[in-house]
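Read the structure below first, then the notes.
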Number of protein chains: 2
Amino acid sequence: MVNTVAKALQILDALSESQPQGVSDLARNLGLPKSSVYSILETLVSEKIAEKNVQTGKYSLGVKLIELGNCAQTGLDICRIAAPFLQGLNVKFDETVHLTVLDNNEVLYIDCIESRRRLRTYSVIGVRAPLHCTSVGKAILAFLPDAEIEKIVAEKGLPVFTAATIASPERLAAEVAVIRRQGFAIDNMEHEEHLRCVGAPIFNSQGSVFAALSLSGPAERNTMERILEMAPEVVSAGLEISRRLGWRGEPQSSWR
Amino acid sequence: MVNTVAKALQILDALSESQPQGVSDLARNLGLPKSSVYSILETLVSEKIAEKNVQTGKYSLGVKLIELGNCAQTGLDICRIAAPFLQGLNVKFDETVHLTVLDNNEVLYIDCIESRRRLRTYSVIGVRAPLHCTSVGKAILAFLPDAEIEKIVAEKGLPVFTAATIASPERLAAEVAVIRRQGFAIDNMEHEEHLRCVGAPIFNSQGSVFAALSLSGPAERNTMERILEMAPEVVSAGLEISRRLGWRGEPQSSWR
DNA sequence: CTATATCGTTCATATATATGAACATCGTTC
DNA sequence: GAACGATGTTCATATATATGAACGATATAG
């Protein structure tokens, strides 16, 4: 383990979280010595991982990260393997499809194909969302061990976004039971108004859930009826992706 | 300057350039000690900047980079400032627009809005292309000092991609003269068959060209006539973006 | 099935690096 | 306009780190 590199990554994290910052800002926020931050930033800038605004002296993330981010995405097993299935779902229903992974008890959106319709869910690659109020998040949550779910709820709470957001551990437990039986999760305007999505889990070769995919679109078009038509397709895409990742499990009979 | 961080970035670069690699591969290719590579990778993995395949023991880029890449893109001055202009051009012509920066004597695509048509240029954020055969590349190249152009040609050569690619320094010099007079560059199927694009330069506050934007689409639809209709709009978008970035220059009269 | 080569990993120590303090510079405040 | 407080930057040295050599495990070859 290398402290210096860890510090550099801390700095990148800090830069990703807010407006351009100066050396002192960063040092204060991260509890690191100014001079350390300074020399690390110097290196990052020389590699275009960070960028220094010569007028303000503030630092922000650099162009090289765009390139690396793109390589990371196209290189990830999960992205490569999932791509054709995402495309299949996108073509069939003409709704936006998302691919997400579990990271730090949140979902991180790592791939997206947008619907071609005028009214559609927009691309959100690289952003994060809570587990308890998104279809992908709930699809992951439901297949974690109960103890893990409790731990996450304790840590993150159940913040409310809309009138439909699940806000009590009891309702969440009930929802988890439903998702485990069905094999898919529905986000019925629980994170954003007018947005209805259906998501299914993706398992790794060890058999644990670590990712999810979803179809999402405006509730006016994605009626509950249509969502239930989509669900089996999303589930089987998730299962097929899991298998190609080395998963050797079997779906429950209630899933199909 | 911090060697350790530089090494970590070298490793990321290596991981971005090819298939997943092991510790020894990386150490050999980069001329670094195995143990150094090992401990750096350990740190990168713990921060999800890199990923280790537990079965093969090989390393690849991690999900965190997708997030950072996204933040870099939305945070970059140039992206933020250019976004509305890219959108304007995209809506007006319904062709794919690209935003690129000059990096290492290549163009790096940093933003894109796709056309909504069936036949269209696809998104390429994060990839690179040569300067001498793309509209964005030529738009940048033409506004570099002559000495710089010569240096780049000496370093990169003029690799041929299609029948129309500019392959001799003389033809390139003539093309540069035209672009300087017009204020925009046309890629007439010089990089890919059936693809015709028009690009214009973007200048920074020091007055040097460092980025470019373009409209691109199938040659069958983007006739030379249509390209020439697009050109003034692309040029004025480039100039307006430059001004908002602090550029105080004046376009030549022949540009409008 | 043995021998060999190559792999990822560990560890002590020589070595390069992090950093506290001091510096010059800038913008603010009184 | 002087004093202050904040900034980004430099530098010597105490300190944490890079790394060569050695390890066991695994794959390949004979």
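Side-chain atoms are counted along with the backbone in the values below, which use heavy atoms only and exclude waters and symmetry mates. To find a chain, count down the sequence lines: A is the first, B the second, and so on, and within it residues start at 1.
- Closest approach of B/Lys138 and B/Ala185 over heavy atoms only: CB-CB, 3.8 Å.
- Taking the C1' atoms of five terminal pairs at each end of the helix from C/dC1-D/dG30 to C/dC30-D/dG1, the two resulting helix axes are inclined by 40°, rounded to 10°.
- Under the side-chain contact (heavy atoms from CB on, under 4.5 Å) test applied with B/Leu141, the options B/Leu102, B/Leu131, B/Val107, B/Asn105 reduce to a single match, B/Leu131.
- Near-neighbour residues of DNA chain D inside residues 29-36 of chain A, defined by a heavy atom below 4.0 Å, number-ordered: A/Lys34, A/Ser35.
- Taking a cutoff of 4.0 Å between a charged side-chain nitrogen and a carboxylate oxygen, A/Glu155 and A/Lys151 do not qualify as a salt bridge.
- Checking A/Val5 against A/Asp25, the closest nucleotide of DNA chain D that is more toward the 5' end is the one next to A/Asp25.
- Taking 4.0 Å as the cutoff to heavy atoms of chain B, we find the contact window on DNA chain D bounded by D/dA18 to D/dG20.
- Nearest-nucleotide positions on DNA chain D place A/Gly57 closer to the 5' end than the other of A/Val2 and A/Gly57.
- With sequence neighbours excluded, no residue forms a salt bridge (Lys or Arg N to Asp or Glu O under 4.0 Å) with A/Glu51.
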Please list every donor-acceptor pair under 3.5 Å in which a side-chain atom of residues 208-216 of chain A meets a protein atom from a residue at least two apart or in another chain.
unit_1	atom_1	unit_2	atom_2	d
A/Ser208	OG	A/Asn204	OD1	3.4
A/Ser216	OG	A/Thr121	OG1	3.1

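- Of the possible polar contacts, one joining the B/His132 side chain to the B/Pro159 backbone as a donor-acceptor pair under 3.5 Å is found.
- Under the rule for a ring-ring contact (aromatic ring centres under 6.0 Å, His included), the partners of A/Phe161 that lie at least two apart in sequence or sit in another chain are A/His191.
- Using a 4.0 Å heavy-atom cutoff across all strands shown, B/Lys58 reaches no nucleic acid atom at all.
- Not counting sequence neighbours, A/Gln10 has no partner by the side chain to side chain donor-acceptor pair (under 3.5 Å) test.
- Residues satisfying the ring-ring contact (aromatic ring centres under 6.0 Å, His included) test with B/Phe203, not counting sequence neighbours, are B/Phe143, B/Trp247.
- Within residues 37-45 of chain A, no residue has a heavy atom under 4.0 Å from DNA chain C.
- Residues A/Ile202 and A/Ser242 come closest through the heavy atom pair CA-OG, 3.4 Å.
- Under the side chain to side chain donor-acceptor pair (under 3.5 Å) criterion, B/Asp13 pairs with A/Lys64, not counting sequence neighbours.
- For B/His98, the ring-ring contact (aromatic ring centres under 6.0 Å, His included) partners two or more places apart in sequence, or in a different chain, are B/Tyr109.
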Output a table of donor-acceptor pairs, distance under 3.5 Å, between side-chain atoms of residues 19-34 of chain B and any protein atom two or more places apart or on a different chain; print 'none' if there are none.
unit_1	atom_1	unit_2	atom_2	d
B/Gln21	OE1	B/Ser18	OG	3.3
B/Asp25	OD2	B/Gly22	N	3.2
B/Asn29	ND2	B/Asp25	O	3.3

